[in-house]
Amino acid sequence: MHSSTAKAPSPVLIRTPARLRWLLAAAALLAIVLLLSLAIGAKPIALPVVIDSLLGHGNSADSVVIRESRLPRTLLGLLGGAALGLAGALTQALTRNPLADPGILGVNAGASFAVIIAVALFNVSGPSAYVAWACGGALLTTLLVYLVGAWGSSRLEPMRFILAGVAVGSVLFGLSSGLVLLNPGAYDRIRFWNAGSLDVRDLQLVLQVAPAIIAGGVIALLLGRSLNAIGMGHEFAVTLGTRPLRVQAWAILAITLLTGATTAVAGPIGFVGLMVPQVARWLVGADQRWILALTTLLAPILLLSADIVGRVLVPGELRVSIVTAFIGAPMLIWMARNKAGRS
Amino acid sequence: MSSAAHAPRSWLIGHPDAAINLRVDRRNVLVCALLALCCAALVIASLCAGTLALSLHEVWAALSGEGSPLATAVVTQWRLPRAVTALVLGAALGISGAIFQSLVRNPLGSPDIISFNTGAHTGALVTIILLGGSYVEIAGGAIVGGLATALVVYALAWRRGIHGFRLIVIGIAVSAMLGAFNTWLSITGSLESALTAALWAAGSLNGMTWAKSLPASAFCVLAMAAAMLLARRMQFLEMGDDCAAALGIPAERTRLLLMALGTTLIAASTAAAGPISFIALAAPQIARRLCHNRSTLTGAAGVGAALLLAADFVAQHCFTPRQLPVGVVTVSIGGIYLVYLLIREARRS
C-alpha cells in the first residue's frame, strides 16, 4: 500500500445558511420529481387524477395504473435511492476513501451470487423469491468481509477493510460468472435481474423491504456526529468519547440493511452510492451530518429522474441503472473538472 | 526474525565508489527467484497435463523435435503457445497494474481507472453484435474501443496537468457510462451474442495459437522492457512532483509516458485474450506484501505471471470436460489469496 492515498480536495468552509438553502432546494426538487414520477409514463396522467387515486378515490383505468404500477415504482425509487445514497455516504466515511461505494464491501456481489445460486442450482424464479436470497447473500457477505477485514486487530483499518471487500467480492464475482457461463439458461434470466430496474409492479414487495431500509436510514442519520469524530483519526475519536469499533459496526449494519434490501428488490444499481455523496460533499462541505442529510434527498432525485427519463426516452423503457449512469456520469465529470480541480 | 537482523538486508553489486554500484534488496532477489521457479514449474506442468497426459521426458522429446508427431503437435502447437501467452500476459498485466497504482497513489488504482477494460468491452460487444465477430474483428474492436476511451478520459481529466484524484473520478464516471451501455447491449442482443460477449468479457486463453499470441506477446515484451527502464523514475515520482523535479525528472512527461506504457500493455493483452480481470489489481499488492512493503515492477510481473499460469491451469483442467474462461478463475484465486494475505498480516501484528 502506498503511504499516501488519493484524497478528495478539502472543501472550503461552507456556512450553515448556504447548507440549509441546498437542503430546502433539494427537498422541493424531490417533491416535484415524486409527482412527475407518478404522472409521467407510457400513459401520461393529469396531476388531479394522480392525487385523487392516491387518496383512494376513483376506480378508473388511470387509478389502477397509478396504484398498481406507478406507486410501487415511485416508492421504490424514493426508498431505494435514499438507501443507496446513504450507504454510499457511510461507506465513504467509514473507509475514509472518497472512491468507495457500497459495492466495494462486496454487498452487491454477495446479493448477485445468492440470486445466481438460487436460479442456477435451485431453479428459483420470481422477484419475491429473489428478495430473500439476495438479502441473505448480502448479509452473509458483509459479515465475511467484516471478519476478514477486522481479523485479529482491535480496530478497523480502512484500507484493510476495502481490500477485504474487494477480495471477497471478486471471489464471489468469479464464482458467479463461472456458474452463469456454464449454465446459459440461468445466464438468460440473470442478465435481466443484473440490469437493475425499479419496475416492480408489486407494492407488497416494496413494503416488505421498507422497514429494513428505514431502520438502516435512521441508524445512518444518527451516526453523523460519530463519523465526524472518526474522520479525524482513531486516537482523536477516542479522546472525544467516541467508540470507533462500535460506530463502525453500526455503520456496517446500516450499509448492509440499506444496500441489501434495495438490491434485493431492484437488482444491483451502481453509481448512485458513489456519486451522490461526492456531490453532496462538494455542496455542503465535509460535515458528515450535512452530507448524510443532503444525500438522503439528492439520491432519490437522481434515481427517480433517471427512471422517468428511461420511461419516456424509448418505447420499451430503458433500465434505470443504465439511465442513472448516463445522467449522473456527465454531471460528475463536469463537477470534477470545475469544483474538485480548484483546490 | 532474529537472524535477519545479522544478515545483510541488501547486497551491493560493484563497489560504493566504483562506476558500477547497484544496491539490491536481498529479499527482493529471493522473492523474484522463487517466483521465477514457480513460473517455470507451472509452465512445465501445463505442458505435461491434459487429455493426452505426457511425462517430463516426453515433453522434452517433443520440444527438441524427437518425440512422436502427435506429442510434438500437442506440445508445440497447442500447449506451448498457451503457456507462453499466459506467462507474458500475466507479467504484462502485473506491470501495468503496478504502474497505474503508483501513478494515482491508490491501491484501488488499476488500468481500469482510465476505463480501458470497459471501453474494450464496449468495442468487443459492438463488433460481436454488429459484425458477428471473428477473433481478429473482436480484438480490433476491443483495442479501438479501449484506446478511444482511454484518450477521452485523459483528455477530460487534463486541466493544466493530470491530477490523480480528478483522473480517478472521471475514469469512474466514464466507466459507469460505458458499463451501462454494455448492460444495455447485453440485454437487447440475442442470448447467443450476449453469451459470446460474456465469454469474451471474462477473458480466456482457450484455443490460443502462435498466430494469435505472437503479435501481442512481442508487443508486451517490448513495452515491459521500456517500463523497466522507467522504474526508477516512477519511484521518484511517487515522492511527489516537486521532489521528482528537484531530482531532474520531468514529472508530467514521465507520467504521460508511463501511462502510455501501462495502456499499451493492457491493450495488447486484452486484444489477445479479452479483459482478464484482477491480475493488474492484485499482483502489485501481493508482490508488495511478499517483498516487505517495497513496490517493484519485477515482483509485480512475477506474481502476475505466476497467477495467470496457475489460473489457466485450473480453468483448463479442474472442470473437465468443460473449460472455463481463465478470467473467472483469476478473479477467484486472486481474491482468495488476498484474503489469506490479509489474515496472515493481521496474525503477525
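Sequence lines set the chain letters: A, B, ... in the order given, protein chains first and strands last, and positions in each chain run from 1.
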ask   = When V328(B) is tested against each of L182(A), L179(A), L181(A) for side chain to side chain contact (heavy atoms under 4.5 Å, CB included), which residue passes?
value = L181(A)
ask   = For F326(A), is it the side chain, the backbone, both, or neither that has a heavy atom closer than 4.5 Å to a heavy atom of chain B?
value = both
query = Do I333(A) and V174(B) come close enough that some side-chain heavy atom pair is under 4.5 Å?
reply = yes
inquiry  = To the closest 0.5 Å, what do you measure between CE (M177(B)) and CD1 (I327(A))?
reply    = 11.5 Å
key: Between CG on residue N182(B) and CD1 on residue I322(A), distance to nearest 0.5 Å   = 10.0 Å
task = Quick one: which of L156(B), V329(B), T330(B), I336(B) has the most heavy-atom pairs under 4.5 Å with chain A, could you say?
result = L156(B)
query = Relative to chain A, which segment of P284(B) carries a heavy atom at a distance below 4.5 Å: side chain, backbone, both, or neither?
reply = neither
request  = For chain A, find which of T183(B), I187(B), L178(B) contributes the most heavy-atom pairs closer than 4.5 angstrom.
outcome  = I187(B)
key: Nearest non-hydrogen partners of A325(A) and A176(B), listed with the distance   = CB-O, 3.4 Å
message = Distance check, rounded to the nearest 0.5 Å: S177(A) atom OG versus L324(B) atom CG?
response = 9.0 Å
ask   = Are there more than 12 heavy atoms of other residues, nucleotides or ligands under 6.0 Å from atom CZ of F173(A)?
value = no
Nearest heavy-atom neighbours spanning S332(B) and G174(A) = OG-CA, 3.6 Å
